[in-house]
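These notes are about the structure you will find just below.
Reckoned from all heavy atoms, side chains included, excluding hydrogens, waters and symmetry mates. In this chain, numbering begins with 1 at the start of the sequence shown.
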Amino acid sequence: MATEARIAQIKAQKAKKLQQVTVRKRVDFTPELLKMWIEKPEGYSFKPGQYCTIGIDGIERAYSIVSAPYEKDLELFVELVPKDEGGVLTPLIWDLHEGDTVTIRPRGKGVFVFKPEWRNHLMLATVTGVVPYLSIVRQYLNDLASGLHEPGVQHHMYILMGASYADEFVYDAELQQLAKAHPDLVTFVPSISRPGEARNNGWSGQTGRANAITEEYLDTWGLGVEDTLIYACGHPGMIEDVKERCVPLGYTVEEERFWKQD
């Protein structure tokens, strides 16, 4: 009985920490990819690159936050994992509409954040793995415009994003615009891995998996081991391959794994 009482106490404490927040907006891009904006509770804090933990009917999962801390709402970019593939929360998310509610834990968490001690930042991603980089870049540019960065200190963020299909580059227009507006701060290259498939007809950009072309771009951009930090976020296979390629060369690799399960 003592054990059962303790379990009940833990559940009660957990429930007190959760807040109900409203779904502000939802936009679907493919049958498997959507953006969702949820209400940010008063006092909610997070660092660019961190994740929030949301829940529906007691089921909770962590999702990296697209939006920067200065933005009003919390923007999420979610990939559907069907029930027959082990999906638990994302099938419930796909049933959400504007005005519905989800729970959220009181603050963001995670250590996959910007490391300002490095000059160059090579950010590798697969599909939803681009999320923390968007938060980092948005906040960095906002702080720069606000005069919050140390004078004379300048960083450059190189975002190399891989996907099977071009329509999975949901944030490509934003990143291309930022790269055009701030060429000394942001560089963006999207690459598809299945150029021969009909769904990619008309694609004229880079091809190949992001991890397979990492070394090529390290050389092209002149990114040396002394001043370059490599971030790898997304599919575990991509991350492992990047580490196997780059760590022996002397590079430091930060990782955030997005397992295709929930």
- Message: Check whether Trp203 reaches the backbone of Gly205 with its side chain - one donor and one acceptor, N or O, closer than 3.5 Å.
- Response: yes

- Where Gly49 and Pro132 come nearest, the two heavy atoms and their spacing: CA-CB, 3.7 Å

- Query: Just how far is it from atom CD1 of Ile136 to atom CD of Gln50, taken to the nearest 0.5 Å?
  - Reply: 10.0 Å

- Which heavy-atom pair separates Ala163 from Glu168 by the least distance, and what is that distance? CB-OE1, 3.4 Å

- Using a cut-off of 6.0 Å, state whether more than 12 heavy atoms not belonging to Arg107 lie near its atom CZ. no

- Task: May I ask you to test the Arg105-Leu18 pair for a side-chain heavy-atom distance under 4.5 Å?
- Result: yes

- Test the Lys35-Tyr171 pair against the cation-pi criterion, namely NZ or CZ under 6.0 angstrom from the six-membered ring centroid and within 45° of the ring axis. yes

- Report the residue from His121, Glu255, Glu256 that forms a side chain to side chain donor-acceptor pair (under 3.5 Å) with Tyr231. His121

- Query: Is atom NZ of Lys47 surrounded by more than 12 heavy atoms (other residues, nucleotides or ligands) closer than 6.0 Å?
  - Reply: no

- Would a distance-only check, ignoring hydrogens and angles, find a side-chain to backbone donor-acceptor pair under 3.5 Å from Trp118 to His155? no

- Message: Count I, L, V, M, F, W, Y as connected when their side-chain heavy atoms are under 4.5 Å apart, and connections chain through other members. Are Val113 and Leu229 then in the same cluster?
- Response: no

- Any side-chain donor near an acceptor of the partner, Thr101 and Gln20, under 3.5 Å: yes

- Point-to-point distance, once rounded to the nearest 0.5 Å, from CG of Leu80 to CG of Leu33: 9.0 Å

- According to a 4.5 Å side-chain heavy-atom criterion applied to Ile, Leu, Val, Met, Phe, Trp and Tyr, with indirect links allowed, do Leu223 and Met157 form part of one hydrophobic cluster? no

- Query: Taking the six-membered ring for Trp, are Phe112 and Tyr133 parallel (under 30°), tilted (30 to 60°) or perpendicular (over 60°)?
  - Reply: tilted

- Task: Determine the minimum heavy-atom distance between Trp94 and Asp28, stating which atoms define it.
- Result: NE1-OD2, 4.1 Å

- So, the side chain of Thr214 versus the backbone of Ala210: is there a donor-acceptor pair under 3.5 Å, distance only? yes

- Message: Testing the basics here: between Asn200 and Ser164, what is the closest heavy-atom pair and its distance to 0.1 Å?
- Response: ND2-O, 3.0 Å

- Distance, nearest 0.5 Å, that separates CG of Leu134 from CD1 of Ile65: 12.5 Å

- Message: Test your reading of the model: is there a side-chain donor-acceptor pair from Arg26 to the backbone of Leu96, 3.5 Å cut-off?
- Response: yes

- Query: Just by distance, do the side chain of Glu240 and the backbone of Gly237 share a donor-acceptor pair under 3.5 Å?
  - Reply: no

- Please name the pair of heavy atoms, one in Thr207 and one in Ile213, separated by the smallest distance, quoted to 0.1 Å. O-CG2, 4.1 Å

- Task: Find out if a path of hydrophobic residues (ILVMFWY) with successive side-chain heavy-atom gaps under 4.5 Å connects Met161 to Ile239.
- Result: no

- Work out which heavy atom in Tyr51 is nearest to a heavy atom in Ala62; give both atom names and the distance. CD1-CB, 3.4 Å

- Item | Name of the residue among Val81, Val88, Val78 meeting side chain to side chain contact (heavy atoms under 4.5 Å, CB included) with Arg61 | Val88

- Tell me whether the centres of the aromatic rings in Tyr158 and Tyr217 are closer together than 6.0 Å. no

- Carboxylate-amine/guanidinium proximity below 4.0 Å for Glu174 and Arg138: yes

